[in-house]
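When a ligand or atom number is given, it counts from 1 through the structure's own listing order. Only this structure's heavy atoms are used, side chains among them; waters, hydrogens and symmetry mates stay out. Numbering of residues begins at 1 and proceeds along the displayed sequence.
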Amino acid sequence: MEMFFSSENRSAPIGVFDSGIGGMTVAKAISELLPQERLIYFGDTAHLPYGEKSTAALQAYVIKSIDFLLSHGCKVIVIACNSASAAAAELARAYTGSRAKVIDVITPMVEWVAKAFPNREVGLIGTRQTVHSQVYQRQIAQKQAGIALHALATPLLASLIEEGFFNDQVSKEVVKSYLSDPILAPIQALILACTHYPLIKNDIAAFFEKQGREVVLIDGSMIVAESLKAYLTEEALLSSEKTEADAFYVSDFTQSFQATTQIFFGKEVKLALFRLWE
Ligand code: DGL
C-alpha cells in the first residue's frame, strides 16, 4: 500500500542527494520550478566519484543518505545522481517504503525521451556505472519506441567539472576527445546522463556546432523537477509557503566544494558537514 505523506504534511522538505555537487543542477531546477518548497541537500563528497564505485558500494551509500534525509522528515527524496539511480533506485524505494516517495533521475528522463524522440538515434553519455549498468538501455527498450540508443562512458567528465573545469580550454578538449567517438556519429539527440553535465552543456553544444551537426542536448534537471511537481500536485502535497531556508550538507567539507557549489546552485550556499559514518 502506498502511503507516503498526507496533505497535512505538505510543508515537509524535499530531500535531494548526489555524490557531490552535481545534484545541485537538479536542486536548482527544483527551486526554480517550485520556489515554495524547502530543500535539504546532501552531497556525499567523502565517497565521490560515485561513477567509479561498485553497485554494492553505491547501494550502501544510498541507504545512508536516505536515512539522513528521512531523519529530516523529507516528504520526497530525489536521487539526483544517475550512477546512484542506476545502482540503487529499486532498493531505495523498497527500503524507504511508505516513509517518503523516492524519485530517481532515470525514470522521468526515459519517459520524456521515449515521447520526444521515437524512432530516432539517441546518444547517451554518463559515468561507467550508469552506462555499464545498462539501466537506460533496458528502460528505453521497454518503451518500444523504436529508439536506437548509443551509450558512451565518459568517466573523466564528472571529476573534471567537480574540479571547476567547465567553459574553458581543458573542458573543451576533453569533450572533443570523448564526443569524437564513432559510436556517437549517427545521433540526433544526446542524453546528458550525469547530473554534473549541465555545467559543460555549452562546451558540448560548441563541439557539435563546430562539426555542423544538429544534436539536441537533453538535460534531465528540469525533466526531473517537472516530474516532482506532477507528483506533488497529484497528491496535494505542494507546500503553500517556504517557512525555513534550504539546508546543504556534505559528508566531507573542502573550500573548493564551497566555491563550486555557488556556481552549481546559482546563489550563495552555506555547506554544513554531516559525517555519514558517525
Ligand atoms: N552526478 C553523478 C551522476 O549523475 C555522478 C558523479 C560521480 O561520478 O560522482 O551520475
Minimum-distance protein heavy atom relative to [atom]:
| atom | answer |
| --- | --- |
| atom 2 (C) of ligand 1 | C81 SG, 3.3 Å |
| atom 10 (O) of ligand 1 | S83 OG, 2.7 Å |
| atom 7 (C) of ligand 1 | Y50 N, 3.3 Å |
| atom 3 (C) of ligand 1 | N82 N, 3.3 Å |
| atom 6 (C) of ligand 1 | H196 CE1, 3.4 Å |

Centroid-centroid under 6.0 Å between H72 and F274 rings: no
Check: F68 ring centroid to F17 ring centroid under 6.0 Å: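 When the ring centroids of F68 and F17 are compared, they turn out to be at least 6.0 Å apart.
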May I ask you to decide if [Y]'s main-chain N or O and [X]'s side chain share a donor-acceptor pair within less than 3.5 Å?
| X | Y | value |
| --- | --- | --- |
| S177 | E173 | no |
| Q129 | A84 | no |
| R99 | Y95 | yes |
| T25 | T195 | yes |

NZ/NE/NH1/NH2 to OD/OE distance under 4.0 Å, E32 and K28: yes
Check ion pair K229-E226 (N to O, under 4.0 angstrom): no
Short side-chain donor-acceptor distance under 3.5 Å, S251 and D44: yes
Could you list the atoms of ligand 1 found under 4.0 angstrom from a heavy atom of [X]?
| X | answer |
| --- | --- |
| S19 | 6 (C), 7 (C), 9 (O) |
| A158 | 6 (C) |
| C194 | 1 (N), 2 (C), 3 (C), 4 (O), 5 (C), 10 (O) |
| D18 | 1 (N), 2 (C) |
| T127 | 5 (C), 8 (O), 10 (O) |

Check: T195 N/O within less than 3.5 Å of ligand 1 N/O: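 In this structure, T195 places an N or O atom under 3.5 Å from an N or O of ligand 1.
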Heteroatom distance test (G51, ligand 1): nitrogen or oxygen, under 3.5 angstrom: yes
Part of V105 with heavy atoms under 4.0 Å of ligand 1, whether side chain, backbone, both or neither: neither
Whether G22 lies under 4.0 Å from ligand 1, heavy atom: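 Under 4.0 Å: no for G22.
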